[in-house]
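No hydrogens, no waters, no symmetry mates; every other heavy atom, side chains included, goes into these values.
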Amino acid sequence: MAGAWGLVAVASVLGFFCGCERPQPLETIVENDVVAEEGRRQPIPRESCLPAVPEEFAGLTVGEGLAKLAETAEPEENRFLNRRRAELFGKRAAAAKGEERLKWRFQEGQEWLLAGETEKSLEIMGELKAALEGPEAGEKAAPLRRQVWQMLAVGLLRLGEQQNCLQQHQCESCILPIRESGQHELEEGSRGAITVYAAILKQLPDNLEARWLLNLAYMTLGEYPDEVPEEFLIPGLDEAEMPDFPRFMDRAGEWKLDVLANAGGCCAEDFDGDGDMDLFVTSMGLMDPCHLFRNNGDGTFDDVTEAAGLKDVTGGLNCVQADYDNDGLADLLVLRGAWLAPHGNHPNTLLRNLGELKFEDVTADAGVLSYRPTQTAAWADFDQDGWLDLFIGNESVAEAVHPGEFFHNQKDGTFREIAAEVGLDARDYVKGAVAGDYNGDGYPDLYLSLRDGPNRLYRNSGPEAEGGWWFEDVAEPAGVTEPRQSFPAWFWDFNNDGNEDLFVAGYDLKRSGRQGQDYAAELLGKPAECELPRLYENHGDGTFADVTEVRDLARVMYAMGANHGDLDNDGYEDFYAGTGAPDFRTIVPNRMFWNRGGDVFKEVTLAGGFGHLQKGHGVAFADFDNDGDQDIYAVMGGFFEGDIYQNVLFENPGNENHWLTLVLEGETANRLAVGAKVKITVSDEDEIRHDIFRTAGTGGSFGGNSLWVEVGVGDAMAVEAVEVTWPIQGWPVTKYTNLPLNSRIRLKQGQPDWEKWPVAKASRD
């Protein structure tokens, strides 16, 4: 936060990075990675970086190890154990005297806030405020006094959230602009916050974060904009950017999908093959349960977690689905340990789908068990042999190097780790990993979004290349190294020109906790100081152009979870950015951007009702109710123990445009056709043709869209042809003609005849 009212630095107060240092560049960790000998590429030695099995997991199952870790983790080292840390600091405060006692008491109060015990925290901060404002406090108490005032303001805002949005939750809670039904009935928290922020602004009138939160507090009481002091008003927070854009309502509670949990991932998929979209959801706490919801096709969902054999699967900041064994059923990978280095050596879990919504843990048997911190992975058939491979992006810091892992599918249910053999020895702090064929040679390439460093684009030579299969980092000549502070990313064809473009969201760790300040600056037309996202347009020649400014996406996002889909079925993909940070001051809206014909992105956050003020993580676009348009599921919990919130499902109200859902089935290509390139040729009433391009996959790096290809075709009068380039060496193309509009169609590799799969629209009458 700007000015003298700032909290202690986030890393020391909130412990976001748990003692991690900024990652060193690759060359400072490993020298002479590749030795060129007569033009031949040599494997990279990695023995020194191979992790041992952590003591907590020795001889135990994953579930047993996570439970033991939750019991034995040292709270002074692991700053996410907030309740235990509060108790520890409370004991130290009781044993200390004078200034030392006040400091420990302040630390205790912070931890109670992060643990969700807001009233305890406020009680301590009130006690400290009285002690620090007495005549005996002196000038030495000034810094701590300012921190106490700030913590009081944050705690009061949080109290209002808990009493109203959490305990009296309804579908419009915490959604900007806050409508009457979402306004706070219990006013204590917001009234108190207004008093404190007004006092802060009296001394520091240019404090943009305090100004933003003051406006927000007034809005929670229905008093924005009229009661906001004129000199501190931020106008326009109750105005829709696109007034004619329809509002999407949160149906998660109604549909029984409102999981109350911390940050986590989500995967939308037809896991049982019955033609309805199911949902898998995780939460990052070591003992937080996952949830598998079966779509009953009648507007209801059942939680079938226990029956599916998933009762003991806990934790996971992210998850991603794929059919790794080519049996036609989507399997699941749960990812753990992110942000916790050097305390994040947790195993991931690979869950094989046995059919009939039954899963089994095959992590060790499949050969993908390791103990490294991560929350990002990319499934793709990188050598185009018909079987999906797996890249896991791990998080390296100077004292704990965790190279990325590249698991090559052995076609027998197992994998072999070959990252060093093919040049994928990425020893970075990886926050996003996505695959896409940016240069059109048929082989999926790999993009890595990094914390605090130039991002990487690994060009895939393919196994038939001279000198052997190799991945070369070409991010710099391709022009896609930025932003240097980034998080979620994806390949997509945002302008339908047939080339894979790239979006990379900014996530400025150096300013974590200052999002409100940056967001307020944008609203007021002032320059924001944070790292902004990048939209890269593919030239088709191996290079990209940064078109962020011209497409109107130079916006403050701080995106964590994010994904893309087509809100209005116009054939151009939009995207939703789940914003936030662990810091409780980061109360900013998640943001939705509407693609207008591939030319510009218009924000529809307020108009569409997407401006949720909780922290957005995993995001999935999918047609959950079989009505032909995509809904959006998003995980809304935060990182610390007490930062829990209900997840949301924004139901699409529909539109007049047409749609097509393609369910692809490979034969020699991987069974669910991940990476298949789809070209859809449509014509309007004047017989003018145009093409729509899609690539089959789960979308962004944090959240999983369905592997079905759900496509809007706008006002097309006919689908003249669909061409599928199957992801297998030789890249065969199957052409299908005269597909019916507003239909779900099965397309099988090599068979030009298509099969209509009836859609039973959900009824909730």
Could you list the donor-acceptor pairs under 3.5 angstrom formed between side-chain atoms of residues 242-251 and any protein atom two or more places apart in sequence or on another chain?
unit_1, atom_1, unit_2, atom_2, d
Asp250, OD1, Ala252, N, 3.0
Asp250, OD1, Leu649, N, 3.1
Arg251, NE, Glu651, OE1, 2.9

Aromatic Trp104 / basic Lys91 pairing, under 6.0 angstrom, 45° off normal:
no
What side-chain donor-acceptor pairs closer than 3.5 Å can you find for residues 525-533, not counting sequence neighbours?
unit_1, atom_1, unit_2, atom_2, d
Glu529, OE1, Arg511, NH1, 3.1
Glu531, OE1, Arg484, N, 3.3
Glu531, OE2, Arg534, NH2, 3.2

Tell me every residue that passes side chain to side chain donor-acceptor pair (under 3.5 Å) with [X], counting only those two or more places apart in sequence or in another chain.
X	result
Arg158	Glu161
Glu187	Arg191
Glu522	Arg591
Thr220	Ser190

What residues, two or more places apart in sequence or in another chain, satisfy ring-ring contact (aromatic ring centres under 6.0 Å, His included) together with [X]?
X	value
Trp112	none
Phe293	His291
Tyr645	His169, His612

Answer with yes or no whether the side chains of [Y] and [X] bring together a donor and an acceptor at under 3.5 Å.
X	Y	value
Asp258	Asn647	no
Asp518	Tyr558	yes
Asp568	Trp594	yes

Who passes side-chain contact (heavy atoms from CB on, under 4.5 Å) against Asp288, sequence neighbours left out?
Asn262, Ser283
If the condition is side-chain contact (heavy atoms from CB on, under 4.5 Å), which residues does Gln630 pass it with, not counting sequence neighbours?
Asp566, Phe621, Glu710
Using the side-chain contact (heavy atoms from CB on, under 4.5 Å) definition, which of the options Asn215, Leu214, Leu216 pairs with Ile194?
Leu214
Which residues satisfy the salt bridge (Lys or Arg N to Asp or Glu O under 4.0 Å) test with Glu100, sequence neighbours excluded?
none
Assign the ring pair Phe301 / Trp255 to parallel, tilted or perpendicular, where the plane angle (0 to 90°) is split at 30° and 60°.
parallel
Students often mix this up, so state it plainly: with edges at 30° and 60°, are the rings of Phe487 and Tyr507 parallel, tilted or perpendicular?
perpendicular
Could you point out which residue of Glu111, Glu117, Glu641 forms a side-chain hydrogen bond (donor to acceptor under 3.5 Å, both in side chains) with Arg83?
Glu117
